[in-house]
Amino acid sequence: MAGIRCWTLFLFNAEIIDKQKLSQGIFRLRLKSGKDFCRAAKPGRFVMLGIDNSLFDPLLRRPFGLCRWHEEWFEVVIKNVGRGSAQLCQLEKGGSVAVHGPLGNGYPQQKTEEGEVSPLFLVAGGMGIASIASYIFSALDSNQSLTETFLFYGAASYAELILLNELTAAVALGLRIKTITDDGSCGRHGLVTQILAAELLNNSQARIFACGPEAMLKSVQKILQTGGNEGYLSLENRMACGFGVCLGCVQTVFAETGAGGVETAKVCTQGPVFPARKVIF
Amino acid sequence: MVDLTVEIAPGLILKNPVLTASGTFGYGREYAPYFDIAKLGGIITKGLSLEPKTGNPGIRITETACGMLNAIGLENIGIEQFLSMELPLLRKLGAVVIVNIFGQEQADYAALAARLDGVEGISALEINISCPNVKAGGIQFGTDPAAAAKLVAAVRQATSLPLITKLSPNVSDIVAIAQAVVEAGSDALSLINTLMGMAIDLDRKKPILGNTTGGLSGPAIKPVALRMVYQVASAVSVPVIGIGGIVNQRDALEFLLAGATAVEIGTASFINPQSAALIVAGIENYLDRQGCKRVVDFIGSLEKNPA
Ligand SMILES: Cc1cc2nc3c(=O)[nH]c(=O)nc-3n(C[C@H](O)[C@H](O)[C@H](O)COP(=O)(O)O)c2cc1C
Ligand code: FES
């Protein structure tokens, strides 16, 4: 509790320098930012984005995972699901977005034991790919090896397996990718958690990072409990402020002190990434 | 240079009329990375109770047209942890601290007031008799003038700190409650707390909030807040602090015109953490351009004839 958070925080209006449609109702915005902003970016961290409107409707900013960044820009992926995201999706190149961030804590560092990297399973469901992809892009952009790293990626259909082309570039660094779709239009037919369960059977050392709908995260947590693997879940609770003051985003978790006690944690400042064993859905 | 100082209770002079609304400013430290919180008239803490409180389960916030509903449920760290972990830092940062208190029953309020009496670094208490989100969050005191007066009298007995009573808009006659608590010894009034509301998920046929109902805040409630502040300020002789939907200096100045001696900034701080500081600068700028030398001359200067 003590001390003021020392992350560098930024509040600014960013110009949209590129906009791309990734799928029906899903867009990628590239926003102009300073170098300092990119230095503070980290896989799994997020920004609160808003539209500077004098009518205050929509009112609050919305959280989006940082997907990729490079020196003077960063990218987010936005799915049109409500009033806030709809307005953001309508903005065009040259337009402006109010940015607050980077916020939250990202994924932990890749673990190496006695020089051996333990396998890392990245599990993404639907829009959860935006957060998971940040880990892969960050490795790709710094030319870091991705040996022993596996991406299990599920979406409703092939059309919604966004970013897949760019992620495939990381195969050169050692990344292995398995896809699955609800309708069988790409890869296997089914849920991404089925791949995870099967792969864990012969991999007791693997660590897991997962982001996706709550039902998927619940299922990931159950699978991890059975296998005893260490894992981290990136939660996407509703947020009003994004910096720890409204208490709107809290998640019930097991208390740090152990002994089965429970407490609430702020997803925005204590997460959004939590050890899977701590979260109580 | 405009003189922005205001007196919100006997002897309690603020450097400017901008405060932060309880529950929207955390314990203050969260805003320190964004601006110098000592530059505000004062900060009002999240509502504190004798014991820590966990708040409501389920979805706690949802956005509505030009506003938001919340059902946080007064989650807080409890008074002792606030005093040991948060207050020292606030003092170091130089903030003027007003503590917002609530309890289950009258004795809790009195005990909190007694505990805070004489604690260095606390400038006043704001008594929340108006939270709509918990059954025993004070609302039963906030809707009945006699019960409200009894509660304030008990708190008055327990402390010599300046007392601000925070009123609920969810009543049929807010002026009657205002007069009753002033009579009972409240040095000032703040209003409004959130308006009780509800949001429904049509397709799932369910209430959205875990608590079913919640408190509406933001620009959507400003006209109601302005009307209530105007009516109360016209009826009582103590300072009134205006709250409700203030997002910029123009909103704040409208409340001052209506008779508020100061304002509290709430939901706006979620959208832009620097809102309160920007509003201080904006007020000064506006009054300067109007040739107004002292904010106190502007307060209550509304002309009665409609435009
Ligand atoms: C998330 C949230 C939490 C709040 N918590 C408290 C509280 O603990 N105590 C209190 O007296 N008022 C609380 N309020 C009410 C605000 O202090 C304020 O009266 C109200 O939000 C109206 O102002 P606004 O429209 O500027 O937000 C809360 C409001 C919000 C939005
Ligand atoms: S979003 Fe406000 S506390 Fe987390």
Side-chain angles (χ1 to χ4, degrees), chain A residues 1-13 40 48-63 82-85 87 98-101 103 214 237-253 255 261-269 280-281, chain B residues 20 23-35 46 52-77 81 84-86 88-89 92-93 208-209 214 217-220 222 245 247-248 251 266-274:
Chain A
M1 284 295 267
I4 296 172
R5 272 180 308 143
C6 56
W7 289 113
T8 324
L9 291 157
F10 300 92
L11 280 168
F12 59 104
N13 285 328
M48 295 294 287
L49 298 184
I51 292 167
D52 240 345
N53 63 352
S54 55
L55 294 176
F56 294 96
D57 194 27
L59 181 69
L60 303 167
R61 298 186 187 202
R62 302 287 192 273
R83 293 184 322 135
S85 53
Q87 292 220 11
V99 181
H100 177 197
L103 298 161
E214 189 171 299
N237 295 19
R238 283 167 187 247
M239 295 183 185
C241 71
F243 62 109
V245 294
C246 75
L247 303 181
C249 66
V250 299
Q251 178 69 42
T252 313
V253 297
V262 301
E263 62 188 19
T264 54
K266 296 178 217 170
V267 171
C268 61
T269 52
I280 305 171
F281 285 113
Chain B
T20 62
T24 64
F25 211 71
Y27 301 106
R29 74 158 69 217
E30 296 89 340
Y31 283 83
Y34 300 94
F35 69 96
K46 174 76 192 156
K53 194 169 177 312
T54 47
N56 290 327
I59 289 180
R60 291 175 166 196
I61 46 171
T62 189
E63 185 166 319
T64 56
C66 299
M68 65 176 280
L69 285 165
N70 89 80
I72 308 301
L74 294 175
E75 171 164 343
N76 78 94
I77 57 177
Q81 198 178 330
S84 61
M85 308 280 286
E86 302 291 339
L89 180 68
K92 209 150 86 194
L93 293 169
I208 292 178
L209 293 173
S217 66
K222 196 188 99 181
V247 293
N248 57 35
D251 294 332
T267 304
S269 295
F270 295 160
I271 305 160
N272 182 347
Q274 295 175 329

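Residue numbering restarts at 1 for every chain, and letters A, B, ... go by the order of the sequence lines. Scope of the values below: all heavy atoms of this structure, side chains included, with no hydrogens, waters or symmetry mates.
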Practice problem: Would you mind checking which part of A:Met48 comes under 4.5 Å of any heavy atom in chain B, side chain (CB onward), backbone (N, CA, C, O), both or neither? | Solution: neither
Self-check item: Residue A:Leu60 versus chain B: region with a heavy atom under 4.5 Å
Solution: both
Quiz item: Where does B:Thr62 contact chain A at under 4.5 Å (heavy atoms): side chain, backbone, both or neither?
Solution: both
Practice problem: Write down the atom of A:Ala240, the atom of B:Met68, and the distance for their closest heavy-atom approach. | Solution: CB-CE, 4.0 Å
Quiz item: Nearest heavy-atom pair of A:Phe243 and B:Glu30: which atoms, and what distance?
Solution: CD1-O, 4.2 Å
Quiz item: Can you name the closest pair of heavy atoms from A:Leu11 and B:Pro273 and give their distance?
Solution: CD2-CD, 3.7 Å
Exercise. Measure distances from B:Pro88 to the heavy atoms of chain A and classify the residue's part below 4.5 Å as side chain, backbone, both or neither.
Key: neither
Quiz prompt | Closest approach of A:Leu247 to B:Arg60 (non-hydrogen atoms, all atoms of both residues) | solution = O-NH1, 2.8 Å
Quiz item: CZ/A:Phe56 to OG1/B:Thr267 distance, rounded to the nearest 0.5 angstrom?
Solution: 11.5 Å
Quiz prompt | Region of A:Val250 in contact with chain B, defined by heavy-atom distances below 4.5 Å | solution = side chain
Quiz prompt | Residue among A:Asp57, A:Thr264, A:Leu59, A:Asn237 with most heavy-atom pairs under 4.5 Å to chain B | solution = A:Leu59
Exercise. Output yes when a side-chain donor or acceptor of A:Arg61 lies under 3.5 Å from a complementary backbone atom of B:Phe270, and no otherwise.
Key: no
Quiz prompt | Check ion pair B:Glu75-A:Lys266 (N to O, under 4.0 angstrom) | solution = no
Quiz item: If you measure from CD1 on B:Ile61 to CE on A:Met239, what distance do you get to the nearest 0.5 Å?
Solution: 9.0 Å
Exercise. Return the minimal non-hydrogen interatomic distance between A:Arg83 and B:Thr64, and the atom names on each side.
Key: NH2-O, 3.2 Å
